[in-house]
Amino acid sequence: MVDKLKKWLFKQPSRSKNGTSSEPVNDKKSTELSKELSGTLKDNVTLLKQEIGHSTDFILRCLNDKQGNPVLAVGFLQGLIDQQILTTLLEELTAGIRNGDLSDRNVESWLMDRIPIGGITCLKNEKALIHAVLYGQVVLLVEGSTKAFAASMSGGAKRAVEEPTSQTVIRGPKEGFTEDISTNIALLRRRIKSTELHFDSRIIGSYTQTKVSVAYIRGIADPEVVKEISRRLDSINTDSILESGYIEEFIQDGVWTPFPTIYNTERPDTVAGSLLEGLVAILVDGTPFVLIAPVTFFRFIASSEDYYQRYDLASFLRIVRMASFFLALLLPSFFIATTTFHQEMLPTTMLITLAAQRENTPLPALLEAMLMELTFEVIREAGVRMPRAVGPAISIVGALVLGQAAVQAGLVSAAMVIVVSFTAICNFVLPAINMAGAVRLLRFGLMLLAGLFGLYGVLAGLVPILVRLVSVNSFGVPYMMPLAPFYTSNMKDLFVRVPWWKMKKRPKMIGDVNPVRQATEQESFAEQAGEHSRDPMA
């Protein structure tokens with residue numbers, strides 16, 4: 001019955017053996033535009049006008065020769081083109097027509113030689129012509145030619161490279177990805193100057209025509225993982241991809257778990273480091289969030305800053321984050337269970353203090369905690385959605401509601417305010433937002449079990465969570481690796497981080513492709529100095 005309900009709720013379109021859907025989404029238009037271009041300028045111009053011409057942002061200019069006959073047409077979408085380069089192009093084209101050096105035979109070479117831009121491509125069919133216009137290229141149609149030409153002049157409004165807002169660090173690069181996939185690819189190229197860095201691009205979304213690029217380093221990434229990610233991306237048949245979150249839900253493993261199996265980040269240095277460890281990145285045009293796969297649970301606890309500061313401090317902070325994860329998940333439920341069912345576990349002095357605080361509180365501990373947690377979630381959501389100008393006002397109101405006013409009104413006890421506040425702070429310590437969201441969801445379930453059955457209920461809730469954690473995979477990699485299954489080689493960068501010169505091999509994921517990261521004889525200068533120490537008084 002449960003399986004039938006799951007199939008009904010999450011019914012997927014049937015797919016053929018090659019991974020494509022048997023119910024194409026809006027493929028009729030692509031079939032109609034598969035014809036080759038006409039040799040008449042008038043017919044090609046009519047085609048553009050029929051397909052895009054009714055849109056007010058589409059500009060189509062026809063240039064005439066000395067006799068007044070149209071010989072060249074230029075089409076583009078306003079707002080996606082660099083106006084300065086476009087002006088230079090039109091000047092060159094006009095001069096070429098006046099001088100008579102633009103003919104059908106040498107139009108391609110003429111464009112290559114005279115136009116001061118790169119990226120000119122030849123278009124041979126109607127579909128390619130329409131796509132070039134929609135992707136922000138300037139298309140050139142020549143009278144008597146069955147080919148069109150597309151010049152890349154991307155411009156218009158773009159956000160500059162700024163510091164990422166979701167993953168800030170004290171020490172480390174301040175650059176973040178933008179919404180432009182070309183800029184994001186360049187940011188990765190700037191960090192990994194290797195011919196082995198490869199980008200495999202494709203178009204997904206029949207309406208949005210979103211460019212999606214798979215990045216990996218040949219010789220380090222496992223080819224089977226790259227192949228599997230590419231296969232899942234190619235099997236997506238939808239009309240729109242507006243953010244990488246769409247891609248994540250289509251290709252992720254472990255649908256029936258709140259824990260994320262794909263990592264997302266705004267930081268180019270994080271993606272570059274992941275590629276150098278053999279992982280695969282998925283870049284989506286229109287969003288600064290890049291997906292990384294396959295990943296394990298411990299990837300969401302680590303921060304890129306761990307690798308930029310001393311190993312001892314980084315290890316300490318990583319342990320703090322791990323403790324914060326358990327506190328954010330279990331502290332409210334543990335407090336509810338002990339104060340409701342297991343008072344004997346508390347010291348007498350603490351028990352008397354808590355009992356005095358709760359003497360005038362009308363609600364049981366479970367409802368008290370639920371009320372506080374829901375209030376905090378509402379205030380947090382309001383703080384995220386509100387404009388920055390009124391954001392501080394929300395913080396002040398939230399502090400008053402969750403603070404002394406609620407205690408003085410007798411709605412909640414002071415101890416509960418401390419527990420909920422500390423839990424929220426622990427939740428914010430987690431560097432990955434999607435993992436923090438999973439903890440928030442599970443916390444409500446554990447609180448409910450604690451209020452109904454005490455610590456036995458908390459234990460009953462933890463068992464299926466642990467079972468699910470050890471049973472989930474991320475593109476073939478066990479989610480709790482290297483603990484389950486246990487790999488000693490990966491323990492150097494798990495709960496603590498050993499010095500860089502000790503991490504001679506990459507973390508083992510799938511397969512064993514190029515495991516050596518640095519020379520085996522690499523050692524610290526401190527050890528070298530110990531072997532060749534000199535007498536300072538000499």
Side-chain angles (χ1 to χ4, degrees), residues 27 29-53 58-65 69-78 80-156 180-182 185-186 198-204 206 209-213 285:
D27 278 352
K29 199 72 176 178
S30 301
T31 306
E32 293 176 351
L33 295 175
S34 60
K35 302 177 183 175
E36 293 187 354
L37 290 174
S38 170
T40 307
L41 178 62
K42 182 180 178 182
D43 293 341
N44 293 330
V45 169
T46 303
L47 169 69
L48 279 177
K49 287 183 177 179
Q50 287 178 347
E51 297 298 330
I52 322 175
F58 178 62
I59 309 297
L60 187 61
R61 293 281 185 268
C62 291
L63 304 180
N64 301 330
D65 58 9
N69 299 318
V71 293
L72 188 68
V74 181
F76 57 89
L77 286 175
Q78 195 175 28
L80 300 180
I81 304 299
D82 190 311
Q83 293 296 326
Q84 186 174 359
I85 301 178
L86 177 64
T87 303
T88 304
L89 171 66
L90 293 176
E91 291 176 354
E92 290 289 335
L93 291 174
T94 305
I97 294 174
R98 288 175 181 173
N99 298 334
D101 55 354
L102 182 62
S103 61
D104 299 345
R105 293 184 303 172
N106 62 355
V107 60
E108 185 174 358
S109 59
W110 186 88
L111 289 172
M112 294 291 183
D113 295 338
R114 300 292 298 277
I115 296 179
I117 55 174
I120 296 178
T121 55
C122 181
L123 311 174
K124 296 182 179 178
N125 57 53
E126 298 175 350
K127 182 179 179 181
L129 177 65
I130 302 301
H131 281 188
V133 176
L134 296 177
Y135 275 93
Q137 294 181 304
V138 176
V139 294
L140 307 172
L141 300 171
V142 183
E143 173 63 31
S145 175
T146 57
K147 296 185 294 185
F149 303 93
S152 178
M153 300 182 189
S154 60
D180 182 36
I181 191 171
S182 301
I185 291 175
H198 187 71
F199 293 91
D200 181 15
S201 299
R202 53 186 42 78
I203 303 299
I204 302 178
S206 57
Q209 294 287 310
T210 307
K211 185 177 181 181
V212 178
S213 187
D285 194 21

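What you see is a predicted model, and the numbers here were worked out from it, not measured in a lab.
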Note: Val139 and Ala132 closest approach over all heavy atoms is CG1-CB, 3.8 Å

Correct closest heavy-atom pair for Ile203 and Lys211 would be CD1-CA, 3.9 Å

Rounded to the nearest 0.5 angstrom, the CG-CD1 distance for Leu134 and Ile52 is 5.0 Å

Taking the side chain as everything from C-beta on, heavy atoms only, tell me whether Asp180 gets closer than 4.5 Å to Asp285. yes

With a 4.5 Å limit on heavy-atom distance, are the side chains of Leu140 and Val74 in contact?
yes

One should read off an interatomic distance between Leu63 CG and Leu141 CG, to the nearest 0.5 angstrom, of 11.0 Å

CG (Leu86) and CD (Glu91) are apart, to the nearest 0.5 Å, by 10.0 Å

Between Ser213 and Ile185, the two heavy atoms sitting closest are OG-CD1, 4.2 Å

* Is there side-chain contact between Ile130 and Leu48, with at least one heavy-atom pair below 4.5 Å? -> yes

Interatomic distance, CD@Gln78 vs CD@Gln83, rounded to 0.5 Å, equals 6.0 Å

dist Asn69:CG -> Leu41:CG (nearest 0.5 Å) comes out at 11.0 Å

Does the side chain of Ile181 reach to within under 4.5 Å of the side chain of Phe199, using non-hydrogen atoms? no

Test item: Lys147 and Leu123 side chains (from C-beta on) under 4.5 Å apart, heavy atoms: no

Here the gap from Lys49 atom NZ to Phe58 atom CZ, rounded to the nearest 0.5 Å, amounts to 9.0 Å

Discussion item. Please evaluate residues Leu77 and Val133 with respect to the criterion side chain to side chain contact (heavy atoms under 4.5 Å, CB included), reporting the C-alpha separation (whole Å), side-chain torsions for both, the decisive distance (0.1 Å), and the verdict.
Written reply: CA-CA 7 Å; Leu77 286 175; Val133 176; 3.9 Å; yes

*Close side-chain approach of Ile81 to Ile59, heavy-atom, < 4.5 Å*: no

Per side-chain hydrogen bond (donor to acceptor under 3.5 Å, both in side chains), Ser38 is matched among Thr46, Asp43, Asn44, Thr146 by Asp43

Between Glu143 and Lys42, the two heavy atoms sitting closest are OE1-N, 4.4 Å

Exercise. Find out whether Leu37 and Glu126 are in side-chain contact, i.e. whether some heavy atom of one side chain is under 4.5 Å from a heavy atom of the other.
Key: yes

